[in-house]
S.K.: 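Submitted below is the structure of interest, expressed as C-alpha coordinates.
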2 protein chains.
Amino acid sequence: MKKRSYNCGLDAAVDVVGGKWKALILWALHHEPLRFGELRRTVSGISEKMLIQQLREMETYGLVHREVYHQVPPKVEYSLTEFGQSLNTALIPLGDWGERHMETIEAIPRD
Amino acid sequence: MKKRSYNCGLDAAVDVVGGKWKALILWALHHEPLRFGELRRTVSGISEKMLIQQLREMETYGLVHREVYHQVPPKVEYSLTEFGQSLNTALIPLGDWGERHMETIEAIPRD
DNA sequence: CTCCATACTTACAAAAAGGTGGGTACCTGA
DNA sequence: TCAGGTACCCACCTTTTTGTAAGTATGGAG
(Lines give C-alpha, C1' and ligand atoms only; values in the text may rest on other atoms or scores of the structure.)
Protein backbone atom coordinates (compact mmCIF):
# COMPACT_ATOMS: atom_id res chain seq x y z
CA MET A 1 0.00 0.00 0.00
CA LYS A 2 1.85 2.99 -1.32
CA LYS A 3 -0.80 5.35 -2.57
CA ARG A 4 -1.51 8.55 -0.89
CA SER A 5 -4.31 10.06 -2.90
CA TYR A 6 -7.31 8.25 -4.25
CA ASN A 7 -9.67 8.95 -7.09
CA CYS A 8 -12.75 7.84 -5.20
CA GLY A 9 -13.97 5.96 -2.15
CA LEU A 10 -13.82 2.62 -3.93
CA ASP A 11 -10.21 3.18 -4.96
CA ALA A 12 -9.31 3.85 -1.32
CA ALA A 13 -11.26 0.91 0.07
CA VAL A 14 -9.86 -1.61 -2.39
CA ASP A 15 -6.37 -0.40 -1.55
CA VAL A 16 -7.01 -0.98 2.17
CA VAL A 17 -8.33 -4.49 1.70
CA GLY A 18 -6.00 -5.43 -1.18
CA GLY A 19 -3.63 -8.39 -1.30
CA LYS A 20 -4.10 -12.06 -0.84
CA TRP A 21 -4.73 -12.33 2.86
CA LYS A 22 -6.36 -9.26 4.36
CA ALA A 23 -9.96 -10.04 3.47
CA LEU A 24 -9.62 -13.55 4.85
CA ILE A 25 -8.12 -12.29 8.09
CA LEU A 26 -10.79 -9.60 8.44
CA TRP A 27 -13.42 -12.29 8.05
CA ALA A 28 -11.76 -14.70 10.44
CA LEU A 29 -12.03 -12.02 13.12
CA HIS A 30 -15.63 -11.19 12.27
CA HIS A 31 -17.36 -13.00 15.13
CA GLU A 32 -14.88 -12.85 17.96
CA PRO A 33 -11.27 -12.02 18.86
CA LEU A 34 -8.75 -14.75 18.13
CA ARG A 35 -5.28 -15.62 19.30
CA PHE A 36 -2.44 -15.80 16.82
CA GLY A 37 -2.49 -19.59 16.72
CA GLU A 38 -6.25 -19.72 16.27
CA LEU A 39 -5.97 -17.25 13.42
CA ARG A 40 -3.24 -19.33 11.84
CA ARG A 41 -5.47 -22.38 11.84
CA THR A 42 -8.56 -20.53 10.72
CA VAL A 43 -6.99 -18.81 7.73
CA SER A 44 -6.26 -21.83 5.67
CA GLY A 45 -2.91 -21.93 3.85
CA ILE A 46 -1.27 -18.90 5.42
CA SER A 47 2.26 -19.12 6.81
CA GLU A 48 3.18 -17.69 10.19
CA LYS A 49 5.34 -15.12 8.49
CA MET A 50 2.57 -13.84 6.22
CA LEU A 51 0.06 -13.82 9.07
CA ILE A 52 2.33 -11.73 11.28
CA GLN A 53 3.12 -9.37 8.44
CA GLN A 54 -0.51 -8.86 7.51
CA LEU A 55 -1.59 -8.41 11.12
CA ARG A 56 1.10 -5.82 11.67
CA GLU A 57 -0.04 -3.92 8.59
CA MET A 58 -3.68 -4.13 9.60
CA GLU A 59 -2.77 -2.88 13.05
CA THR A 60 -1.04 0.08 11.44
CA TYR A 61 -4.10 0.70 9.29
CA GLY A 62 -6.22 0.74 12.42
CA LEU A 63 -8.33 -2.22 11.36
CA VAL A 64 -7.15 -4.58 14.07
CA HIS A 65 -6.38 -4.26 17.80
CA ARG A 66 -3.54 -6.34 19.25
CA GLU A 67 -3.70 -7.25 22.94
CA VAL A 68 -0.71 -8.86 24.61
CA TYR A 69 -1.49 -11.06 27.60
CA HIS A 70 1.54 -11.51 29.82
CA GLN A 71 1.26 -15.18 30.57
CA VAL A 72 2.85 -18.49 29.76
CA PRO A 73 2.38 -19.79 27.17
CA PRO A 74 2.41 -16.35 25.58
CA LYS A 75 -0.90 -15.16 24.30
CA VAL A 76 -1.58 -12.38 21.88
CA GLU A 77 -5.13 -11.68 20.92
CA TYR A 78 -6.34 -9.91 17.84
CA SER A 79 -9.72 -8.23 17.47
CA LEU A 80 -11.39 -5.90 15.03
CA THR A 81 -11.51 -2.20 15.84
CA GLU A 82 -14.68 -0.27 15.12
CA PHE A 83 -13.02 0.80 11.89
CA GLY A 84 -12.36 -2.84 11.02
CA GLN A 85 -15.91 -3.82 11.89
CA SER A 86 -17.31 -1.09 9.69
CA LEU A 87 -15.18 -2.38 6.83
CA ASN A 88 -16.42 -5.91 7.40
CA THR A 89 -19.98 -4.67 7.24
CA ALA A 90 -19.28 -2.97 3.93
CA LEU A 91 -17.74 -6.17 2.62
CA ILE A 92 -20.81 -8.33 3.21
CA PRO A 93 -22.51 -7.62 -0.15
CA LEU A 94 -19.22 -8.29 -1.96
CA GLY A 95 -18.78 -11.60 -0.15
CA ASP A 96 -22.35 -12.57 -1.04
CA TRP A 97 -21.67 -11.66 -4.66
CA GLY A 98 -18.57 -13.85 -4.63
CA GLU A 99 -20.49 -16.74 -3.13
CA ARG A 100 -23.27 -16.40 -5.71
CA HIS A 101 -20.81 -16.30 -8.60
CA MET A 102 -18.27 -18.75 -7.27
CA GLU A 103 -18.60 -21.21 -10.13
CA THR A 104 -18.24 -18.44 -12.70
CA ILE A 105 -15.18 -17.07 -10.95
CA GLU A 106 -13.51 -20.43 -10.64
CA ALA A 107 -14.17 -21.07 -14.33
CA ILE A 108 -12.30 -17.93 -15.42
CA PRO A 109 -9.46 -19.06 -17.69
CA ARG A 110 -6.02 -18.22 -16.42
CA ASP A 111 -2.65 -18.90 -18.00
CA MET B 1 -4.93 -13.73 -10.75
CA LYS B 2 -3.62 -17.22 -10.30
CA LYS B 3 -5.84 -18.82 -7.71
CA ARG B 4 -8.16 -21.57 -8.53
CA SER B 5 -9.86 -22.39 -5.30
CA TYR B 6 -11.18 -19.93 -2.79
CA ASN B 7 -11.93 -20.16 0.90
CA CYS B 8 -15.10 -18.09 0.68
CA GLY B 9 -17.07 -15.70 -1.49
CA LEU B 10 -15.15 -12.71 -0.28
CA ASP B 11 -11.83 -14.31 -1.12
CA ALA B 12 -13.04 -14.92 -4.67
CA ALA B 13 -14.55 -11.45 -5.12
CA VAL B 14 -11.47 -9.62 -3.87
CA ASP B 15 -9.35 -11.68 -6.23
CA VAL B 16 -11.55 -10.66 -9.18
CA VAL B 17 -11.44 -6.96 -8.38
CA GLY B 18 -7.85 -6.90 -7.10
CA GLY B 19 -5.05 -4.77 -8.43
CA LYS B 20 -4.54 -1.09 -8.91
CA TRP B 21 -6.86 -0.37 -11.80
CA LYS B 22 -9.80 -2.75 -12.03
CA ALA B 23 -12.11 -1.09 -9.54
CA LEU B 24 -11.55 2.29 -11.16
CA ILE B 25 -12.27 0.92 -14.61
CA LEU B 26 -15.38 -0.89 -13.38
CA TRP B 27 -16.59 2.37 -11.93
CA ALA B 28 -15.74 4.41 -15.02
CA LEU B 29 -18.07 2.11 -16.97
CA HIS B 30 -20.83 2.22 -14.38
CA HIS B 31 -23.19 4.68 -16.11
CA GLU B 32 -22.57 4.05 -19.79
CA PRO B 33 -20.31 2.32 -22.29
CA LEU B 34 -17.12 4.20 -23.15
CA ARG B 35 -14.60 4.15 -25.97
CA PHE B 36 -11.02 3.36 -25.25
CA GLY B 37 -9.94 6.99 -25.43
CA GLU B 38 -12.77 8.12 -23.17
CA LEU B 39 -11.79 5.47 -20.66
CA ARG B 40 -8.18 6.59 -20.83
CA ARG B 41 -9.17 10.11 -19.96
CA THR B 42 -11.65 9.11 -17.30
CA VAL B 43 -9.35 6.80 -15.38
CA SER B 44 -6.88 9.34 -14.17
CA GLY B 45 -3.20 8.37 -14.31
CA ILE B 46 -3.49 5.13 -16.25
CA SER B 47 -1.20 4.47 -19.20
CA GLU B 48 -2.50 3.07 -22.50
CA LYS B 49 -0.61 -0.12 -21.86
CA MET B 50 -2.09 -0.72 -18.45
CA LEU B 51 -5.57 0.17 -19.68
CA ILE B 52 -5.36 -2.31 -22.54
CA GLN B 53 -3.98 -4.97 -20.27
CA GLN B 54 -6.66 -4.53 -17.65
CA LEU B 55 -9.47 -4.38 -20.21
CA ARG B 56 -8.25 -7.59 -21.79
CA GLU B 57 -8.19 -9.29 -18.44
CA MET B 58 -11.62 -8.02 -17.52
CA GLU B 59 -12.94 -9.20 -20.85
CA THR B 60 -11.52 -12.64 -20.09
CA TYR B 61 -13.13 -12.55 -16.66
CA GLY B 62 -16.45 -11.78 -18.30
CA LEU B 63 -16.83 -8.43 -16.55
CA VAL B 64 -16.56 -6.30 -19.68
CA HIS B 65 -17.89 -6.54 -23.23
CA ARG B 66 -15.74 -5.23 -26.07
CA GLU B 67 -17.49 -4.04 -29.23
CA VAL B 68 -15.45 -3.20 -32.32
CA TYR B 69 -17.00 -0.63 -34.66
CA HIS B 70 -15.51 -0.82 -38.13
CA GLN B 71 -15.15 2.83 -38.88
CA VAL B 72 -12.56 5.50 -39.28
CA PRO B 73 -11.22 6.65 -36.92
CA PRO B 74 -11.36 3.21 -35.34
CA LYS B 75 -13.72 2.87 -32.45
CA VAL B 76 -13.77 0.21 -29.81
CA GLU B 77 -16.40 0.46 -27.14
CA TYR B 78 -16.34 -1.13 -23.74
CA SER B 79 -19.37 -1.83 -21.61
CA LEU B 80 -20.17 -3.79 -18.48
CA THR B 81 -21.67 -7.23 -18.84
CA GLU B 82 -24.46 -8.25 -16.50
CA PHE B 83 -21.81 -9.99 -14.46
CA GLY B 84 -19.82 -6.75 -14.32
CA GLN B 85 -22.91 -4.75 -13.39
CA SER B 86 -23.72 -7.13 -10.57
CA LEU B 87 -20.19 -6.72 -9.25
CA ASN B 88 -20.53 -2.94 -9.40
CA THR B 89 -23.72 -3.16 -7.41
CA ALA B 90 -21.98 -5.24 -4.76
CA LEU B 91 -19.18 -2.69 -4.63
CA ILE B 92 -21.42 0.28 -3.79
CA PRO B 93 -21.32 -0.20 0.01
CA LEU B 94 -17.56 -0.59 -0.11
CA GLY B 95 -17.18 2.60 -2.12
CA ASP B 96 -19.40 4.44 0.34
CA TRP B 97 -17.29 3.11 3.20
CA GLY B 98 -14.15 4.35 1.47
CA GLU B 99 -15.69 7.77 0.91
CA ARG B 100 -16.81 8.03 4.53
CA HIS B 101 -13.38 7.03 5.85
CA MET B 102 -11.25 8.78 3.24
CA GLU B 103 -9.43 11.01 5.71
CA THR B 104 -8.64 8.06 7.96
CA ILE B 105 -7.36 6.04 5.04
CA GLU B 106 -5.20 8.83 3.68
CA ALA B 107 -3.75 9.35 7.17
CA ILE B 108 -2.56 5.76 7.44
CA PRO B 109 1.23 5.85 7.91
CA ARG B 110 3.19 4.20 5.20
CA ASP B 111 6.99 3.83 4.80
C1' DC C 1 20.19 -29.95 29.74
C1' DT C 2 16.33 -30.75 25.84
C1' DC C 3 11.74 -30.33 24.30
C1' DC C 4 7.39 -28.23 24.25
C1' DA C 5 4.14 -24.30 23.92
C1' DT C 6 3.20 -19.50 21.86
C1' DA C 7 4.46 -15.61 18.97
C1' DC C 8 7.42 -13.53 16.72
C1' DT C 9 12.14 -11.48 13.52
C1' DT C 10 15.42 -11.52 9.68
C1' DA C 11 17.62 -12.50 5.21
C1' DC C 12 16.89 -13.75 0.95
C1' DA C 13 14.34 -15.61 -3.10
C1' DA C 14 10.51 -16.15 -6.24
C1' DA C 15 6.43 -14.61 -8.29
C1' DA C 16 3.30 -11.19 -9.63
C1' DA C 17 2.00 -6.65 -10.86
C1' DG C 18 2.86 -2.37 -12.87
C1' DG C 19 5.46 0.63 -16.01
C1' DT C 20 8.55 2.67 -20.12
C1' DG C 21 9.73 2.98 -24.73
C1' DG C 22 9.32 1.71 -29.23
C1' DG C 23 6.62 0.15 -32.55
C1' DT C 24 2.18 -1.52 -35.47
C1' DA C 25 -2.39 -1.11 -38.03
C1' DC C 26 -5.93 1.54 -40.57
C1' DC C 27 -7.43 5.65 -42.71
C1' DT C 28 -7.68 10.78 -44.07
C1' DG C 29 -5.93 15.29 -45.10
C1' DA C 30 -2.34 18.66 -46.17
C1' DT D 1 5.44 11.93 -48.16
C1' DC D 2 4.30 13.38 -43.08
C1' DA D 3 1.03 14.30 -39.44
C1' DG D 4 -3.09 13.44 -37.27
C1' DG D 5 -6.83 10.45 -35.35
C1' DT D 6 -7.93 5.78 -32.81
C1' DA D 7 -6.49 1.45 -30.58
C1' DC D 8 -3.56 -1.50 -29.92
C1' DC D 9 1.24 -5.04 -29.45
C1' DC D 10 5.93 -6.35 -27.83
C1' DA D 11 10.36 -6.38 -25.26
C1' DC D 12 12.24 -5.35 -21.36
C1' DC D 13 12.62 -3.28 -16.84
C1' DT D 14 11.23 -1.91 -12.06
C1' DT D 15 8.58 -2.35 -8.06
C1' DT D 16 5.70 -4.78 -5.00
C1' DT D 17 3.90 -8.78 -2.92
C1' DT D 18 4.30 -13.26 -1.34
C1' DG D 19 6.92 -17.04 0.27
C1' DT D 20 10.96 -20.14 2.30
C1' DA D 21 14.20 -21.00 5.67
C1' DA D 22 16.46 -20.08 9.70
C1' DG D 23 16.47 -18.10 13.78
C1' DT D 24 14.81 -15.58 18.49
C1' DA D 25 12.27 -14.84 23.02
C1' DT D 26 9.76 -16.41 27.31
C1' DG D 27 8.67 -19.90 30.46
C1' DG D 28 7.55 -24.71 32.20
C1' DA D 29 8.10 -29.79 32.34
C1' DG D 30 10.76 -33.99 32.02
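Reckoned from all heavy atoms, side chains included, excluding hydrogens, waters and symmetry mates. Every chain is numbered from 1, with letters handed out A, B, ... down the list of sequences.
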S.K.: Please state whether the phosphate of D:dT17, meaning OP1 or OP2, lies under 4.0 angstrom from any side-chain nitrogen or oxygen of A:W21.
M.R.: no
S.K.: C:dA25 C1' sits how many Å from B:I52 CD1, rounded?
M.R.: 13 Å
S.K.: Minimum heavy-atom separation for A:K22 to A:E57, with atom names?
M.R.: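 Of all heavy-atom pairs spanning A:K22 and A:E57, the closest is NZ-OE1, 2.6 Å.
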S.K.: OP1, OP2 of C:dC8 versus side-chain N and O of A:R35: anything below 4.0 Å?
M.R.: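 The answer is no; no side-chain N or O of A:R35 sits under 4.0 Å from OP1 or OP2.
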S.K.: Mind checking A:E77 for me? I need base, sugar-phosphate or nothing, with any heavy atom below 4.0 Å counting as a touch.
M.R.: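 Nothing, no heavy atom under 4.0 Å.
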S.K.: If I take atom CG in residue B:D15 and atom P in nucleotide C:dA16, what distance separates them, rounded to the nearest angstrom?
M.R.: 12 Å
S.K.: Please tell me if A:Y78 has a side-chain N or O lying less than 4.0 Å from either OP1 or OP2 of C:dC8.
M.R.: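 Answer yes for this pair, as a side-chain N or O of A:Y78 is under 4.0 Å from OP1 or OP2.
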S.K.: Just how far, in rounded Å, is C1' of D:dT18 from CG of A:L51?
M.R.: 14 Å
S.K.: 5'-most contact on DNA chain D: A:M50 or B:F36, nearest heavy atom basis?
M.R.: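 On the 5' side of the pair lies B:F36.
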S.K.: Could you tell me how far apart A:K22 (NZ) and D:dT17 (P) are, to the nearest whole angstrom?
M.R.: 8 Å
S.K.: Give the nucleotide from the list C:dA7, D:dC8, C:dC26 with an atom nearest to the side chain of B:P74.
M.R.: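 The nucleotide sitting nearest to the side chain is C:dC26.
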S.K.: NE2/A:H30 to CD1/A:I25 distance, rounded to the nearest 0.5 angstrom?
M.R.: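 A:H30 NE2 to A:I25 CD1: 16.0 Å, rounded to 0.5 Å.
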S.K.: On the nucleotide C:dA11, are OP1 or OP2 found under 4.0 Å from the side-chain N or O atoms that A:K49 carries?
M.R.: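 The answer is no; no side-chain N or O of A:K49 sits under 4.0 Å from OP1 or OP2.
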S.K.: Show your working on side chain to side chain donor-acceptor pair (under 3.5 Å) between B:E67 and B:H65 and close with a plain yes or no.
M.R.: CA-CA 7 Å; B:E67 187 85 51; B:H65 173 63; 2.9 Å; yes
S.K.: I want to check one thing: is the phosphate of D:dC9, taken as OP1 and OP2, less than 4.0 Å away from some side-chain N or O of B:R56?
M.R.: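 Affirmative; the distance criterion is met.
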S.K.: Can you tell me how far P of D:dT6 sits from CZ of B:R66, to the nearest Å?
M.R.: 16 Å
S.K.: Return the value, rounded to whole Å, for the distance between atom CD of B:E67 and atom P of D:dC8.
M.R.: 13 Å
S.K.: State whether B:Q53 places a side-chain N or O below 4.0 Å from either non-bridging phosphate oxygen (OP1 or OP2) of D:dC9.
M.R.: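 Checking B:Q53 against D:dC9: no side-chain N or O falls below 4.0 Å of OP1 or OP2.
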S.K.: Rounded to the nearest 0.5 Å, what's the gap from OG1 on A:T89 to CG on A:L80? Could you check?
M.R.: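 Spacing of OG1 (A:T89) from CG (A:L80) equals 9.5 Å.
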S.K.: Checking side-chain hydrogen bond (donor to acceptor under 3.5 Å, both in side chains) against A:E38, which of A:R41, A:R40, A:R35 comes through?
M.R.: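 The passing option is A:R35.
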S.K.: OP1 or OP2 of C:dA17 less than 4.0 angstrom from a side-chain nitrogen or oxygen of B:Q54, does that happen here?
M.R.: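 Answer no for this pair, as no side-chain N or O of B:Q54 is under 4.0 Å from OP1 or OP2.
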S.K.: Rounded to whole Å, please give me the gap between CD in B:E38 and P in D:dT6.
M.R.: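 Distance check: B:E38 CD to D:dT6 P gives 10 Å.
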S.K.: What contact category does A:Y69 fall into here, base, sugar-phosphate, or nothing, at under 4.0 angstrom with non-hydrogen atoms?
M.R.: nothing
S.K.: Both A:E48 and B:E48 contact DNA chain C. Which one's nearest nucleotide lies toward the 5' end?
M.R.: A:E48
S.K.: Output the rounded distance in Å from NE2 (B:H70) to C1' (C:dC27).
M.R.: 14 Å
